[in-house]
**Q** 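Could you have a look at this structure, given as structure tokens, before my questions?
Both counts, for ligands and for their atoms, begin at 1 and track the order of listing. Note that the coordinates shown come from a computational prediction; the quantities given were computed from them, not determined experimentally.
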Amino acid sequence: MLTLEKLCAGYGRLQVVHDLDLTVGEGELVALVGANGAGKTTTLRAIGCLIRRTSGTTTFLGDRIDRLRPHEVTRRGLVHVPEGRQLFGPLTVEENLRLGAWTRPSYDLKRVHKLFPVLKERGRQAAETLSGGQQQMLAIGRALMSRPRLLMLDEPSTGLSPELTRNVLDAVKAVCDTGVSVLLVEQNAHQALSIADRAYVLESGVAALHGRGRELAEDPRVRKAYLGL
Ligand code: ATP
């Protein structure tokens with residue numbers, strides 16, 4: 001569904017991502033883990049065309065997308081939820097959800113409410129009055145309103161307790177189980193690997209390791225470097 005071939009990207013003369021090969025299959029949950037500054041966010045920005053790649057290709061559903069504008073990438077069904085959620089705080093939960101449907105007319109509030117019942121219960125409440133975990137669910141729910149084929153989530157656990165992180169990642173898994181593919185960037189390698197079908201470990205912009213989520217969680221190099229074990 002999504003294929004990166006030898007993707008290179010960075011900022012000005014700073015090259016951050018080097019010759020990255022990565023795939024996400026239909027219905028797959030793929031995690032991208034690695035230390036601070038490894039280039040995870042930069043990879044998502046390059047896929048979403050928020051920054052220009054310097055070389056390499058990105059293919060989505062059979063078409064090259066690496067020369068598109070960000071909104072064109074979104075319109076094709078590849079939706080990016082950046083770190084920090086970017087909700088409209090004073091607007092209600094439901095208004096935020098409806099804004100997610102602007103790229104396509106087919107919004108589906110019921111489907112989102114089924115996945116995240118709390119967003120229904122709190123539909124009339126201002127988004128800024130939700131807890132951190134609920135706000136993250138709203139950011140994901142808003143992205144789902146445009147019926148994406150693939151969601152890219154950047155650190156959905158930022159600022160959340162381990163318990164809330166678990167809840168949010170369980171919700172991510174539930175989203176994937178509805179048939180939406182997911183590319184998940186997480187610093188919390190342990191929890192991300194436990195839900196991922198496959199994962200890539202990024203080190204200084206290079207995919208140092210890749211494999212099935214649970215296998216990587218058992219790999220001694222990963223356990224030492226990222227899981228503190
Ligand atoms: P984190 O988990 O800390 O967010 P990350 O793996 O997502 O890390 P990136 O945010 O992709 O890493 O950053 C990779 C490198 O790119 C870092 O050295 C960072 O300083 C640099 N960088 C990130 N954003 C910019 C920018 N807008 N301009 C210049 N350099 C940047």
Side-chain angles (χ1 to χ4, degrees), residues 2-24 29-58 65-66 68-71 73-74 78-87 132-133 135-136 139-140 143 150-162 164-166 168-169 172 181-196 198-211 213 216-217 219 221-229:
L2 176 72
T3 306
L4 311 187
E5 280 180 294
K6 294 203 169 304
L7 191 81
C8 298
Y11 306 92
R13 282 202 215 136
L14 174 71
Q15 192 177 331
V16 174
V17 177
H18 308 272
D19 289 327
L20 181 63
D21 290 329
L22 177 151
T23 60
V24 181
L29 200 168
V30 174
L32 188 56
V33 299
N36 272 328
K40 305 180 295 295
T41 296
T42 303
T43 301
L44 295 195
R45 286 186 186 142
I47 298 170
C49 296
L50 295 170
I51 58 170
R52 287 264 162 239
R53 84 216 189 297
T54 38
S55 60
T57 60
T58 311
I65 59 163
D66 44 63
L68 299 181
R69 310 275 217 109
H71 70 273
V73 175
T74 305
L78 202 170
V79 176
H80 184 189
V81 181
E83 196 174 0
R85 299 160 201 158
Q86 301 189 351
L87 299 171
Q135 287 191 19
Q136 188 58 55
I140 297 171
L150 194 155
L151 266 189
M152 296 198 290
L153 303 176
D154 197 351
E155 303 255 2
S157 70
T158 298
L160 302 184
S161 68
L164 281 178
T165 298
R166 183 81 258 163
V168 167
L169 293 184
V172 170
S181 307
V182 176
L183 177 58
L184 169 70
V185 159
E186 258 300 332
Q187 267 206 59
N188 193 324
H190 183 66
Q191 296 198 352
L193 293 178
S194 75
I195 61 163
R198 287 189 304 113
Y200 294 79
V201 179
L202 211 55
E203 280 177 11
S204 305
V206 174
L209 292 168
H210 112 262
L216 280 181
D219 187 299
R221 290 164 294 182
V222 174
R223 286 168 70 85
K224 188 155 178 273
Y226 300 102
L227 306 180
L229 300 169

**Q** Within the structure, is a non-hydrogen atom of A35 found at a distance of less than 4.0 Å from ligand 1?
**A**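 Contact present.
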**Q** State whether a side-chain donor-acceptor pair under 3.5 Å links T165 with Q191.
**A** no
**Q** Give a yes-or-no answer on whether the side chains of T41 and D154 include a donor-acceptor pair shorter than 3.5 Å.
**A**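 Side chains of T41 and D154: pair found under 3.5 Å.
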**Q** Tell me which protein heavy atom sits closest to atom 22 (N) of ligand 1, plus the residue, atom name and distance to 0.1 Å.
**A** Y11 CE1, 3.4 Å
**Q** Name the closest protein heavy atom to atom 2 (O) of ligand 1, giving the residue it belongs to and the distance to 0.1 Å.
**A** K40 NZ, 3.0 Å
**Q** Kindly state if atom 20 (O) of ligand 1 has a protein heavy atom within a strict 4.0 Å cut-off, that is, under 4.0 Å?
**A**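 For atom 20 (O) of ligand 1 the answer is no, since every protein heavy atom stays at 4.0 Å or beyond.
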**Q** Looking only at protein heavy atoms, which one is nearest to atom 16 (O) of ligand 1, and how far off is it?
**A** V16 CG2, 3.4 Å
**Q** With S157, which of Q136, R166, E83, E186 fulfils side chain to side chain donor-acceptor pair (under 3.5 Å)?
**A** E186
**Q** For Q15, look at atom CD and say whether over 12 heavy atoms of other residues, nucleotides or ligands are found less than 6.0 Å away.
**A** yes
**Q** Any idea which part of T41 is under 4.0 Å from ligand 1, heavy-atom wise: side chain, backbone, both or neither?
**A**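 It is both parts that get close, each with some atom under 4.0 Å.
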**Q** May I ask you to list the atoms of ligand 1 that are less than 4.0 angstrom from any heavy atom of E155?
**A** 2 (O)
**Q** Whether K6 and D19 form a salt bridge (side-chain N of Lys/Arg under 4.0 Å from carboxylate O of Asp/Glu) is what I want to check.
**A**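 Salt bridge: no.
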**Q** Going by the closest heavy atom to atom 1 (P) of ligand 1, which one wins out of I51, L44, N36?
**A**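 Heavy atom nearest to atom 1 (P) of ligand 1 belongs to N36.
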**Q** Tell me which protein heavy atom sits closest to atom 13 (O) of ligand 1, plus the residue, atom name and distance to 0.1 Å.
**A** T42 OG1, 3.8 Å
**Q** Closer than 4.0 Å to some heavy atom of R45 - which atoms of ligand 1 meet that?
**A**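 It comes down to these atoms of ligand 1: 24 (N).
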**Q** Please identify which atoms of ligand 1 are closer than 4.0 Å to at least one heavy atom of Q187.
**A**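 Here the atoms of ligand 1 in question are 2 (O).
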**Q** Run down the list G205, A38, G37 and name the one with the heavy atom closest to atom 14 (C) of ligand 1.
**A** G37
**Q** In the complex you have, is atom 25 (C) of ligand 1 within reach of the protein, judged by whether a heavy-atom distance drops under 4.0 Å?
**A** yes
**Q** Please answer whether the main-chain N or O of G205 pairs with a side-chain N or O of K40 as donor and acceptor at a distance below 3.5 Å.
**A**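 It does not hold such a pair.
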**Q** Do V206 and V17 come close enough that some side-chain heavy atom pair is under 4.5 Å?
**A**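 No; the side chains remain at least 4.5 Å from each other.
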**Q** For the side chain of R198 and the backbone of T23, is there at least one donor-acceptor N/O pair under 3.5 Å apart?
**A**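 Pair found, side chain donor or acceptor close to backbone of T23.
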**Q** Please list the nearest protein heavy atom to atom 12 (O) of ligand 1 with its residue and the distance rounded to 0.1 Å.
**A** G39 N, 3.2 Å
**Q** Would you check if Y11 and R45 make a side-chain contact, meaning some heavy-atom pair closer than 4.5 Å?
**A**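 A side-chain contact exists here, since the closest heavy-atom pair is under 4.5 Å.
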